[in-house]
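Per chain, numbering begins at 1; letters A, B, ... match sequence-line order.
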Amino acid sequence: MLEIHLIRSNFEAAVSGLQKRGIPQAEPLLQKVLDTDQQRRDLQLKLDKTLEEGNIKSKQIGMLMQEGRKDEAQSLKTETSTLKLQSKGLQDELQDLISKLKSQLYDIPNIPHIQVPAGTEETDNQVTEEWGTKPQLTDNANSPHWDLIKKYDIIDFDLGSKITGAGFPIYKGAGAKLQRALISFFLDEAEQAGYHEIQPPIVINEDSGLATGQLPDKEGQMYGIVDSNFYLIPTAEVPITNIYRDSMLRAQDLPVKMVGYTPCFRREAGSWGADVRGLNRLHQFDKVEIVQIQTPENSYVALQEMCDHVKALLQKLELPYRILNLCGGDLGFTSAQTFDFEVFAGAQQKWLEVSSVSNFETYQSNRLKLRYKKDGKSVLLHTLNGSALALPRIVAALLENNQTPKGIKLPPVLVPYTGFEQITNK
RNA sequence: GGAGAGGUGACCGAGUGGUCGAAGGUGCUCGCCUGGAAAGUGAGUGUGCCCCAAAAGGGUACCGGGGGUUCGAAUCCCUUCCUCUCCGCCA
C-alpha cells in the first residue's frame, strides 16, 4: 500500500511513475485518492471536536455528582446523549471513508524506481548482464529434463498425481538427494553471507496474507485450508516478512537479514501448455528465500548485494544465466524494482526464471507497520526479498545441461552434499 | 478434546466504573558526581490519526482483537484469538 502522504507531497512523481507501468489514467486515479483523503481529514476533525465536547461534559458530570448537584448533572446528561449520537454517526461515516480510502490505495501498485525502464512488453525488459556459455549438446545426449527424469527414475509425476494431483511430483532416490543437497547448499551459502536462518510455518492466517499483499486480491494464487481460515504459503516471503509485522525496531537492529527454506504452494490457475511441462511449473516446489529489512538510505545497495549473492550461486552451479531489469509493465504489483534471473536450459533451448529479487521500499512495510526509530521519529523501513534459489528450474537446467550418454554430471560444488558425482542408471 | 486461570507501555507489574495514557520497578536517553567506570543522583522516555507552513502547542483514539452497557470503561457484559495449569490423546 502506497503512503498517502507521498502521493500528497509528490503528486507529479507518483503520476509519472505509474505511467511507466503503462497506466494511462494514473492522474485521475491518484486524484480520486487525494479527494477521499481530504474528505477523511475533514470528517476526522469534525468527529474529534464532537468527542472533545462530550469528554468535557462527562467530566463535569462526574464532578457535579460528587458534589451532590444531581439536577445539574442530569441536564448535562441529556446533552451528552445527543453528542454521543452525533459522534456515533460520524464514526460510522469515518469508518466507511477509511475503508474506501484503503481499497482505493490497494488498487494502486507501487511506484517504480527511477532506474526501471518504461514499457509493457517482455521485450522492454533490460538484459543487464549475461554470464556463461550455452551448452553445446550432442545428438546422443539432448533430452529435455522430463525425459531424463524418467530415464534415471528420479522424479515421478504420475505417482505424484496419484497421491495428490498434477504438479505435485515425487522425488526419488538420487532425485530426492539432489533436492536435499541444493537446499543445504543454498542455506549454507546464505548463512555465510550473513543471513539468519529461519524455519517458519508453511501455513499462514489471514492477517499475514493481508500484510504482505497476497490478500485480499490474490487468494486465487493460494491454496486455502477448508474450515480453518488458513492458507498454504506461496512463498517463504510471507511468513518470514510477517515476523516483523507491527514492529518498531531500533537503529542498531538493522539491517535484518533472514533466510528460510520452505516448500511453496501455488494454484497457478489458468496456466497450461508447453511452458509448464515437467519441472517448469509446479503446484508444490522448494525454494530458499532471502529477506532483508533495510533503512531507506541503504535499500538499493542491499538490492545489489542480494543480486550479487544470487549471481554467485549460479556461477558456482556453473549455470549460464542472464539478468533482467524488469520494465514497469512487467514489474510485480508491490515491487519498486525487480531483477529476474534466468538460466538457460540446453535441451529446451529456453531461458527459465529461477529467481526474482525485489525492493518493495515502503509498500509492504506500510501495511506491515514495520518501522524504526530514527532521531526519535518513527520511519517506515524498506523490505526486500529474493529467491536464492527456487529449485525445480535449477534442477531442470542442471539435468539438461550436464547430460552425457552415460549419466548426468553434477557440478563439483554439490558433490559434498549429494555424496555422488553423477546420476546414472543403477 | 474436557476443566480452570490469565492477556496492561521495550520488559516486569499495580490498578474492579469518573480527575487513568495508566502507580512502582527495570531498561533506555540526557545531565550531575568520578581520573575512568560502577554505585549514587536529577530530568526525560509509547503509538496512530487530525489541527498547525514548521517547531512549540493542542485535540482524539488506543490497556490482545471486535462488539455492547453507561453521561463516563483498563475496570461490567458478549464474542473471538492467544498464553499458562491440570486431565485425556499423541509424533
* To do: Please determine if A/Arg393 and A/Glu342 form a salt bridge, counting it only when a charged side-chain N lies under 4.0 Å from a carboxylate O.
  => no
* Structure fact -> A/Leu47 atom CG is separated from B/U60 atom P, nearest whole Å, by 11 Å
* Verify, without hydrogens or angle tests, whether A/Ser335 (side chain) and A/Leu331 (backbone) share a donor-acceptor contact under 3.5 angstrom. => no
* To do: Could you label the plane-to-plane angle of the A/His309 and A/Tyr195 rings as parallel, tilted or perpendicular, counting under 30° as parallel and over 60° as perpendicular?
  => tilted
* **Spacing of the P atoms in B/C63 and B/G21 (rounded, Å)** => 12 Å
* Asked: Considering only the P atoms, how many Å lie between B/A23 and B/G46, rounded to the nearest integer?
  -> 11 Å
* Asked: Expressed as a whole number of Å, how far does the C1' atom of B/G17 sit from that of B/C76?
  -> 8 Å
* Does CD belonging to A/Glu421 count more than 12 external heavy atoms closer than 6.0 Å? -> no
* Asked: Taking atom CG of A/Asn425 as the centre, does the number of heavy atoms from other residues, nucleotides or ligands within less than 6.0 Å exceed 12?
  -> yes
* Asked: Atom CD1 of A/Ile98 and atom C1' of B/C50: how far apart are they, to the nearest Å?
  -> 11 Å
* To do: For nucleotides B/U83 and B/G64, find the distance between their C1' atoms and express it as a whole number of Å.
  => 11 Å
* **Whole-Å P distance, B/A14 and B/C90** => 39 Å
* Has the side chain of A/Arg267 got a donor or acceptor atom that lies under 3.5 Å from a matching backbone atom of A/His283? -> no
* Are any non-hydrogen side-chain atoms of A/Tyr417 and A/Lys177 less than 4.5 angstrom apart? -> no
* **Touch class at under 4.0 angstrom, heavy-atom based, for A/Arg371 against every strand present** => sugar-phosphate
* **Nearest-angstrom distance from the residue atom CG of A/Leu90 to P of B/U60** => 15 Å
* A/Leu94 CG to B/G48 P: how many Å, rounded? -> 18 Å
* **Interatomic distance where CG belongs to A/Leu97 and P belongs to B/C49 [whole Å]** => 17 Å
* Asked: Within this structure, what is the CE-to-P distance between A/Met248 and B/C11, rounded to whole angstrom?
  -> 13 Å
* Asked: At under 4.0 Å, does any side-chain N or O of A/Arg40 touch on OP1 or OP2 of B/C50?
  -> yes
* Asked: In terms of side-chain heavy atoms, does A/Glu305 have a donor or acceptor partner in A/Gln292 at a distance below 3.5 Å?
  -> yes
* Asked: Under the 3.5 angstrom rule, does the side chain of A/Thr362 hit a backbone N or O of A/Leu380 as a donor-acceptor pair?
  -> no
* **Span that lies between the P atom of B/A43 and that of B/A54, in whole angstrom** => 33 Å
* **Lys/Arg cation over aromatic A/Phe157: A/Arg277, 6.0 Å, 45° cone** => no
* Near A/Lys57 NZ, under 6.0 Å, is it more than 12 heavy atoms from other residues, nucleotides or ligands? -> yes
* Which whole-number value in Å describes the distance from A/Gln38 CD to B/C49 P? -> 16 Å
Report, one pair per line, the protein and nucleotides 56-59 of chain B atoms (nitrogen or oxygen only) whose separation is under 3.5 Å.
{"from": "B/G59", "atom 1": "N2", "to": "A/Asp48", "atom 2": "OD2", "distance (Å)": "2.7"}

* To do: Convert the base pairs of RNA chain B into dot-bracket notation, remembering that pairs crossing earlier ones are written with [ ] and that bases paired across to another strand are shown as |; include only Watson-Crick or G-U pairs under 3.5 Å.
  => ((((((((.[[[..)..(.....]]]((((((.......))))))((((((.....)))))).[[[[[..)....]]]]])))))))....
* Structure fact -> From CG of A/Asp37 across to P of B/C50 the rounded distance in Å is 7 Å
* Could you give the distance separating B/U60 and B/C20 at their P atoms, to the nearest angstrom? => 15 Å
* So, A/Gln348 versus A/Glu400: side-chain donor-acceptor pair below 3.5 Å or not? -> yes
* B/A74 to B/G9 separation - P atoms, rounded to the nearest Å -> 14 Å
* Structure fact -> Once base and sugar-phosphate atoms are separated, protein heavy atoms under 4.0 Å mark nucleotides 62-83 of chain B, 5' to 3', with B, S and - as ------S-BBS-----------
* To do: For this output row, return yes or no: ring centroids of A/His113 and A/Tyr300 closer than 6.0 angstrom.
  => yes
